[in-house]
There are 4 protein chains.
Amino acid sequence: MPTGRPRDPQIDAAVLEATLAVLDEAGYGRLTIEEVARRAEATKPAIYRRWPTRQHLALAALAARLGDSPVPDTGCTLCDLGEGIGVFLAAFRRIRPGVLAALFADCAAVPELRDTFLATLFEPPRAAVGEMLERAVVRGDLRADVDRGLVLDMLSSLVHYRVLFGHAPLADDEVEAAVEALLSGVAVDYPRLVAHSRALTEAHDEAHHPAHHT
Amino acid sequence: MPTGRPRDPQIDAAVLEATLAVLDEAGYGRLTIEEVARRAEATKPAIYRRWPTRQHLALAALAARLGDSPVPDTGCTLCDLGEGIGVFLAAFRRIRPGVLAALFADCAAVPELRDTFLATLFEPPRAAVGEMLERAVVRGDLRADVDRGLVLDMLSSLVHYRVLFGHAPLADDEVEAAVEALLSGVAVDYPRLVAHSRALTEAHDEAHHPAHHT
Amino acid sequence: MPTGRPRDPQIDAAVLEATLAVLDEAGYGRLTIEEVARRAEATKPAIYRRWPTRQHLALAALAARLGDSPVPDTGCTLCDLGEGIGVFLAAFRRIRPGVLAALFADCAAVPELRDTFLATLFEPPRAAVGEMLERAVVRGDLRADVDRGLVLDMLSSLVHYRVLFGHAPLADDEVEAAVEALLSGVAVDYPRLVAHSRALTEAHDEAHHPAHHT
Amino acid sequence: MPTGRPRDPQIDAAVLEATLAVLDEAGYGRLTIEEVARRAEATKPAIYRRWPTRQHLALAALAARLGDSPVPDTGCTLCDLGEGIGVFLAAFRRIRPGVLAALFADCAAVPELRDTFLATLFEPPRAAVGEMLERAVVRGDLRADVDRGLVLDMLSSLVHYRVLFGHAPLADDEVEAAVEALLSGVAVDYPRLVAHSRALTEAHDEAHHPAHHT
DNA sequence: TGCTAAGCGAGACGGTACGTCCCGTCTTAAT
DNA sequence: ATTAAGACGGGACGTACCGTCTCGCTTAGCA
């Protein structure tokens with residue numbers, strides 16, 4: 001039962017918005033409590049009361065932006081993975097390049113911040129892809145004897161590496177290529193998966209562009 | 001033809017040393033020109049004259065520490081990769097965790113700094129592993145149709161990811177496992193590579209512990 | 001008819017006590033509502049409810065300390081004046097040097113506070129000495145044609161000036177010297193007053209130290 | 001031999017000017033380094049580098065305003081004293097009431113500040129009047145056996161007391177009255193001084209308003 | 001060998017942002 | 001209805017460090 005004067009929610013919103021604006025325009029290196037306060041027309045103590053450090057503030061602002069991404073479940077392993085990774089990449093692409101890397105570097109040394117960073121920004125896509133892999137195993141698309149953690153790591157590291165350090169953001173066909181390369185090694189019967197995927201895609205295309213059919 | 005008073009080389013050395021000391025003790029976030037100047041008993045302008053920014057200074061200091069790592073060439077693909085990655089990991093382990101990530105984050109936005117960072121700290125191991133892969137293809141150990149860039153990326157990302165973000169440094173058996181997992185997918189005949197490796201290893205062991213032989 | 005929850009009188013006492021403690025230890029400049037609240041284990045609103053400003057609080061606390069000083073009435077003009085002034089000086093000496101000056105400076109601009117300050121801290125001694133002078137005139141010790149206000153001012157200003165700004169507190173012999181200088185001009189028969197005073201003093205001494213008498 | 005970058009004198013001037021403006025408009029209690037910095041378009045460190053505390057700053061600003069007051073030397077003791085005191089009062093009247101008292105209260109506890117305050121703001125007029133008294137004695141206008149320090153104290157305290165605490169500023173006729181009261185006791189031949197003064201005044205008036213003469 | 005000027009060391013500067021103290025006020029729950 | 005209590009929105013504090021500027025000295029290369 002919290003007592004005392006309640007916090008003004010408008011300040012929360014204004015500060016988070018201003019934080020995102022600064023991150024977008026100038027990057028994490030230029031993120032300054034003072035500048036955020038100016039933009040949000042708030043005061044520094046009001047910000048410090050809510051987020052004890054710049055890192056907490058940035059984490060909260062980015063988490064608010066990324067929000068919850070839906071996990072696709074089409075029944076098609078290849079589709080799920082491609083689309084799922086695409087969804088997360090799309091989310092990360094909304095963040096100015098370099099911001100995540102700088103923020104992580106600033107958080108890495110403090111366990112609490114590091115955990116928050118990972119749990120907030122990295123774990124959701126990872127969990128989603130992990131879920132997809134699980135379904136794929138249940139479905140019989142993936143070998144049950146494969147270390148799913150390793151597969152997960154390889155996919156995740158690809159995304160994270162590019163997100164954090166990629167010159168250019170990961171292109172869609174690169175994602176496809178990576179997934180294919182990986183699955184061709186770990187899949188029970190990759191050609192069947194490809195066939196399945198093509199069938200679904202054609203059905204989908206036909207549903208949307210029936211005139212193209214002969 | 002440089003004229004005027006020559007630069008005092010003792011200052012260069014003292015500043016680099018002090019920079020490494022600060023990086024080791026406090027991390028990149030606490031790396032301050034003022035603090036380096038204090039420790040090196042130099043003045044700030046003397047530092048700024050030599051390295052225009054903190055990033056340049058840190059890059060120079062870390063490059064001086066890492067030095068040149070030799071590229072192993074044993075004729076055994078599996079051994080080369082394992083040992084080579086181990087060499088680079090050993091070099092990176094001499095740098096306080098988080099320093100590289102923070103420095104990179106600080107350099108990423110400026111092409112010149114980014115390139116210097118990559119060329120100085122990341123390219124050498126990458127090039128070395130690339131060379132190993134090339135030799136492996138020539139040797140017939142790797143499929144020629146595989147995108148070596150992709151394989152290189154997957155190995156590099158593993159190292160870099162762990163170096164930059166790993167809680168714990170990458171353990172040797174983890175390296176082995178990753179290489180094995182990767183090669184079992186892209187290798188022409190993985191069992192043969194394993195056999196080759198075993199043969200070499202036993203020869204090596206026998207050379208050192210002949211008494212164990214029946 | 002006051003309704004609602006009654007005020008806790010312990011808080012009043014604790015706050016005044018804490019205020020005096022802060023004034024004694026740190027001076028008026030360090031007198032902070034927050035610090036007083038901490039010491040008194042009260043809350044700020046509880047203090048603000050009772051005293052609207054720091055000035056009011058300080059005035060109340062000092063008034064409580066000074067309390068009421070008894071006005072001596074020995075029948076001896078010289079004794080009364082010396083002792084009376086001594087009493088007030090003793091009261092002022094219980095206040096850390098500089099506190100009164102700072103408080104006055106803080107009150108001077110607001111008529112209400114200024115008046116309270118004067119009425120609370122400066123008027124009582126002034127009135128007491130005025131009363132003594134009145135009795136002295138009635139008694140025939142002072143010339144009736146003298147402006148008693150002027151005499152009062154000269155004695156008061158002496159005390160106040162020193163209390164507010166004196167490097168050193170006014171010493172007892174200085175008081176005597178001032179009274180003597182003044183009375184020698186306005187007394188009806190100054191030598192007689194001195195004789196009277198001496199007689200009383202000796203009688204008093206004898207009563208307490210009879211053995212010293214030959 | 002001071003080395004390093006020289007101080008920008010424009011900042012000194014702007015800050016002192018802004019300080020006086022704040023003191024005039026809002027008083028010492030509202031004197032804030034931050035506000036001064038805003039008005040002077042300077043920064044806080046630039047101010048702190050010059051004046052370590054608000055007290056130092058206020059003292060410097062007031063001293064700059066009061067500047068050096070010329071000591072009149074007309075050969076007429078009465079005129080000198082009246083005009084001299086008038087000059088100092090005029091200077092003090094240029095300072096918002098209460099500012100000096102508050103500043104002094106803030107300085108009193110620190111010997112260095114206290115001494116600076118006295119030496120800067122109170123000693124000059126005192127010294128000037130002392131010089132006048134000296135000339136008056138030489139000229140034979142004042143009794144040589146009078147304690148000039150005492151006379152000086154009486155005049156000074158009159159001014160200082162009123163300046164620091166007076167409700168109303170000291171009026172010109174009050175000054176005249178005080179001087180007259182004092183000189184009638186210590187002058188060698190007071191009526192002669194009055195006559196001398198009147199003669200000079202009339203000559204002066206005539207020179208400026210000849211038409212008024214019959 | 002002596003002169004001149006470029007480059008150096010040193011120190012202080014103007015300035016941004018920091019994180020904190022204290023202010024005076026507001027809201028809730030209890031008396 | 002008024003209190004006690006706690007947290008709030010906010011103004012100002014004094015400091016660390018930034019990157020730069022000005023100085024006087026040192027040292028090479030030219031006369």
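Chain letters run A, B, ... following the sequence lines, proteins first, then strands; residues in each count from 1.
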Rounded interatomic separation in angstrom, taking OH from A/Y28 and C1' from E/dA17: 14 Å
Under 4.0 Å protein heavy-atom contact, by nucleotide of nucleotides 5-11 of chain F - B base, S sugar-phosphate only: BBBBBBB
Nearest-0.5 Å distance that lies between atom SG in B/C107 and atom NE2 in B/H56: 8.0 Å
Worked verdict on C/R65 versus C/D24 for salt bridge (Lys or Arg N to Asp or Glu O under 4.0 Å): CA-CA 12 Å; C/R65 162 169 291 179; C/D24 288 344; 2.8 Å; yes
Atom pair distance, as rounded to whole Å: CD in A/E34 and P in F/dT15: 17 Å
Among E/dG19, F/dG19, F/dC17, the one nearest B/Y48 by side-chain distance: F/dG19
Rounded distance (nearest 0.5 Å) linking atom OG1 of D/T53 with atom CG of D/D106: 8.0 Å
Interatomic distance where CD belongs to A/E35 and P belongs to E/dA17 [whole Å]: 7 Å
Any B/T32 side-chain N or O less than 4.0 Å from OP1/OP2 of F/dA16: no
Whole-Å gap separating P (F/dC17) and CG (B/L31): 12 Å
Minimum-distance pair of heavy atoms, taken over all atoms of D/V22 and D/R39: CG2-NE, 3.6 Å
Cation-pi, A/Y28 ring and A/R96 (6.0 angstrom, 45 degrees): no
Value in whole Å for how far the C1' atom of F/dC13 lies from CZ of D/R54: 10 Å
Spacing of C/Q10 atom CD relative to F/dT3 atom C1', expressed in whole Å: 15 Å
Between C1' of E/dG19 and CH2 of A/W51, the distance in whole Å: 17 Å
CD/A/E17: more than 12 non-hydrogen atoms of other groups inside 6.0 Å: no
Integer-rounded Å distance: F/dT20 P and B/I33 CD1: 11 Å
